[in-house]
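Protein chains get the first letters and strands the later ones, always in sequence-line order, with residue 1 at the start of each.
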Amino acid sequence: MQWLWRSLLRLYPRAHRREYGEEMLAALSFRHHRAGGGVRATVSSMWDLAAGAVGVWNDRLRRAAMGMGRGWILDARFLARSLGRSKGYVATAIAVLACAVAANATVLSYGTATLLSQPSWSDPASVMVVWGSNLENGQRRDVISGPSYLDLRDRVSALEPVAAVHDGGAYLIEDGRPEILDALEVTVEFLGLLGVEPMLGRDFDERERMSGGERSVIVTHGYWRDRLDRDPDALGRALPFASGPRTIVGVLPEGFEFLGPAAFLIPLHDDVLGADERSRIHYYVFGRLVDGASIGDAALELDEVARAIVLEHSGFEGWSFLVEPFEAVSVEAVRPALVTLLLTVTLVLFVALVNLATLFRIRALARSDELTVRRALGSGRLRLARVLTLETTVLATVGATLGLLATPFLLDRVRAMVPPWVPVPESAMSIPVLQAELTPNLAAATIIGTVIGAVLLSAPTLGGALRRSAQPLSGLRVHSSLQGVRLLVAVEVVAATALCIGAGLAVRSAHSLLATDVGVEPEGVLTLYVGDVWERAASERTSYFRQIVEAVERLPGVRRAGVTGYVDFQAEDDYAGIVLLDRETRPGTELREQWRRVDEGLFEAAGMTVLQGRAFVSTDFQGEPAVSIVNEAFAARHYPARSPVGERLVLSDEAYGELKIVGVLRDVRSLGPAAAAPPMLYAPYQGNVRGTQGMYVRVDGDPMGMAESIRDAVWSVDSSQPVMGVAPFQELVARWIAIPMATRTLVLSLALLTAFLSAVGVFGVVAYAVRTRRSELGVRMALGASPARLEADLVARMAPVATAGFFVGTVLAVTAARGARSVLYGVDPIDPLSILFALVAMGLAIGLATWLPARRAGRIDPSEAMRVD
Amino acid sequence: MPPFERPLKPLHHLILLLLAEEPTYGIRLMERIEERSGGALAPNAGSLYRTLALLVSEGLVEPVGVERPEGAGAPRKNYGVTSEGLSLLREEARRQAELVQAARALDLLGGAS
């Protein structure tokens with residue numbers, strides 16, 4: 001029996017066993033004997049022993065927890081006292097962290113909201129975009145015709161499903177009020193391809209595959225919310241499209257966006273696509289890679305389809321397909337801006353953390369004596385580490401929380417900094433959403449991350465302090481060592497300098513971008529869409545728009561008016577086959593370039609510049625068109641190293657025949673100032689013009705002030721026709737330059753913040769040096785040193801650190817800028833102005849940060865200073 | 001040191017009382033608890049020594065010497081109450097006296113007094 005009890009005794013803590021084990025065995029034996037032995041008594045004694053063991057462990061744990069709790073309370077009290085004594089340190093550490101966290105959260109929220117809209121569909125990585133490509137003609141990415149889409153959809157097995165998309169407008173006339181809304185025309189495969197299901201109703205299906213069936217439409221969540229008042233019975237309602245009513249069959253989920261905002265999805269029918277001419281390219285084509293297939297597999301199959309098309313149809317020599325991940329293509333335009341912002345944010349965070357390390361280090365040095373005393377009085381290393389970690393944790397939590405609280409305010413400031421016509425509001429609408437949805441997680445992640453970072457950062461410093469505290473004598477001497485802190489300050493200066501130079505370069509790049517001639521003069525110009533005359537004959541349409549222009553030009557204050565198919569130069573225009581007659585092309589080869597019809601007044605109204613030859617004149621619009629004007633990009637691509645003026649070409653549109661090039665126009669940089677403009681041919685306004693035209697009106701004074709009278713002038717021709725989208729041309733042009741503008745503002749703010757943070761670091765070091773050397777400074781003053789001399793001496797001590805940091809920072813920034821030359825625009829990586837800016841900013845920051853505490857040194861009262869220690 | 005759990009649990013209270021009367025060792029204490037409580041409390045070895053360990057660690061009880069029994073048998077460690085243990089007992093007695101007084105005022109004790 002004894003062996004059984006002995007083995008159960010092992011369940012008890014060793015100390016308990018040693019103290020009471022033998023007595024317990026005796027008591028067990030006594031009780032067992034008294035109970036008369038037997039199985040029952042044995043089982044009962046074993047149960048007693050086991051339950052007792054659980055109880056003893058429970059008592060121990062409870063005592064340990066209570067003891068620990070008492071320890072933490074004591075530590076917290078001590079912490080409160082110690083932080084209360086160092087208000088400057090507390091404020092600085094919190095401010096540094098709050099600044100860094102706020103800056104990062106702001107930039108990340110703003111950057112992601114403005115520059116990157118997260119796709120709302122499933123597995124976006126496997127969605128591919130397929131382009132038509134003719135490298136012989138320099139056309140790498142082009143849209144695709146209906147018949148070619150059907151060919152590749154049916155013959156390529158690596159992509160399934162494959163959808164065609166056309167982004168355009170939808171015309172509705174409700175209560176006699178006409179309007180154009182953005183719409184995507186899509187094949188029935190579209191939503192299935194993206195894995196998006198309508199929130200209400202159904203997707204397009206076989207009912208919409210062919211024309212002649214149901215005339216249906218799927219509305220976006222935004223349209224359903226704003227225009228249908230979230231009507232749960234919206235399905236089945238007919239919307240008054242100008243071409244005839246369409247029935248709502250589905251409502252898209254919230255947040256769905258593809259190729260920009262839209263109100264509707266309208267079905268594209270297979271028979272209509274198949275009946276289209278193969279040369280009329282209109283459609284973006286998207287496909288999803290099937291499981292197990294690679295882009296290479298898709299490309300091989302696409303090559304085969306392209307070869308067959310080239311063989312079967314004339315005019316497609318050199319033509320092929322290009323397949324790319326859609327994600328990569330869509331982020332291309334904003335990548336430089338994003339990279340710049342992310343690099344900047346990383347540097348800011350780095351400087352803030354180094355700054356924090358400096359502060360912690362100074363703090364630990366300052367507390368060496370105290371730690372030594374506490375150690376000598378019996379505090380364990382763990383206990384001291386706990387106190388110090390608690391301090392770091394509290395400061396980091398408060399700092400990070402304050403920073404996050406400041407973020408919404410800063411976001412408002414950022415929005416206020418960006419001019420109102422920059423299209424930030426559209427993307428920035430997602431900022432409140434981002435705030436509402438992400439902030440709790442983001443906040444928790446930021447706070448935890450910051451706290452862990454701060455604790456890890458302080459660990460080596462605290463470790464050192466604790467080690468020193470174990471050696472009472474050396475511990476009391478240690479605070480004269482500032483070498484490590486100086487090194488940290490040098491690192492900060494390096495990073496801040498590099499960032500200031502980077503900011504200088506970013507500002508100069510943005511300045512060059514903004515100064516680039518975008519090819520139009522938007523000041524004083526009003527843009528609008530007019531007319532809905534699709535049902536009229538072509539000749540009636542042209543005469544209607546001509547009358548409108550004349551009516552508008554008769555208004556006092558209007559200098560010139562002109563029309564063309566679209567106001568937005570970014571919109572894809574009709575493509576047509578163009579054959580250059582005087583150039584050695586292979587017989588039958590048609591080029592595909594964008595072209596647009598323009599009337600006589602357009603160039604002057606939009607402020608477009610003729611570089612060579614002449615603009616259109618009124619005689620060009622009489623009889624059959626015989627002339628055309630091309631842009632710089634067209635000339636450079638097709639007539640390299642010679643003037644195209646006088647050359648002839650054929651435009652394969654029925655209204656046009658052989659055209660002589662009479663002028664070269666400056667490129668309109670509608671894809672942004674740094675992006676190459678696409679080649680463009682302008683032909684006199686003739687033939688099958690669109691039923692709605694974009695109109696430019698150049699006026700004296702404020703263009704919006706003329707909006708009413710221009711509308712009246714349009715209605716004086718036909719009061720039933722719509723006037724839509726009235727806006728200053730500047731608003732549109734601002735969209736072209738929005739990204740460089742926003743980047744410039746943000747990078748500059750962050751650079752100044754970093755300069756400030758490094759100044760805080762320098763301030764801390766100098767202030768600490770002054771404090772620890774009070775008695776020495778006092779003695780020197782007593783011996784006759786002038787305050788100015790002492791100040792100069794302290795400033796001089798920081799000079800080598802600052803100079804070395806500045807030098808290394810400059811070298812780093814220049815090296816980085818040379819590597820990132822593609823992000824720069826119109827500015828050399830070694831830019832004296834940017835370096836000068838950094839020198840001035842850092843000089844001011846460090847100078848001030850050194851001088852302020854040094855000035856305090858000059859005011860030390862020698863007798864008091866010598867009494868202190 | 002946190003205050004010991006109040007009011008005292010019956011077993012804690014009885015052990016303190018018995019040890020205040022006379023220091024004694026584990027088995028004897030076990031018997032006396034049973035006697036005094038009329039069998040209501042009959043701690044086994046596991047719970048008795050758990051309680052003793054707890055009272056020792058709280059400074060209410062302490063070992064007061066080792067007794068060697070005549071003949072064979074392991075030496076017995078005697079336990080007695082400390083001054084803290086005594087003051088806790090006094091405090092508990094006062095608390096109970098107040099209760100008794102309140103009970104008397106309500107005549108709950110009847111002719112018992």
Practice task
Quick one: closest heavy-atom pair of B/Ala45 and A/Met24, and the distance?
Solution key: CB-O, 3.9 Å
Practice task
Check whether any side-chain heavy atom of A/Tyr20 lies under 4.5 Å from a side-chain heavy atom of B/Leu48, and answer yes or no.
Solution key: no
Problem - Reported CG-to-CD distance for the pair B/Leu52 and A/Glu19, which is rounded to 0.5 angstrom - result: 10.0 Å
Handout entry: CZ/B/Arg95: more than 12 non-hydrogen atoms of other groups inside 6.0 Å
Key = yes
Exercise for the section: Run the numbers on A/Glu23 and B/Lys77 for side chain to side chain contact (heavy atoms under 4.5 Å, CB included), then give the verdict. Expected result: CA-CA 8 Å; A/Glu23 287 187 50; B/Lys77 202 183 286 172; 3.0 Å; yes
Handout entry: Option that, when pairs with chain B are counted at under 4.5 Å, heavy atom only, ranks first among A/Ala51, A/Ala50, A/Gly55, A/Ser45
Key = A/Gly55
Handout entry: Enclosure of B/Glu35 CD (heavy-atom neighbours >12, cutoff 6.0 Å)
Key = yes
Exercise for the section: Search all heavy atoms of A/His16 against all heavy atoms of B/Tyr49 and return the closest pair with its distance. Expected result: CE1-O, 3.4 Å
Problem - Side chain / backbone / both / neither for A/Arg60 at chain B, heavy atoms under 4.5 Å - result: neither
Exercise for the section: Please round to the nearest 0.5 Å and tell me the distance separating atom CZ of A/Arg31 and atom CE of B/Met30. Expected result: 4.5 Å
Completion exercise
Between B/Ile27 and A/Ala27 the two heavy atoms that sit nearest each other are CG1-CA, 3.6 Å
Handout entry: Exam field: side chain B/Arg50 to backbone A/Trp57, donor-acceptor pair closer than 3.5 Å
Key = no
Practice task
Salt-bridge test for A/Arg34 and B/Glu34: reply yes if a basic N is under 4.0 Å from a carboxylate O, no otherwise.
Solution key: yes
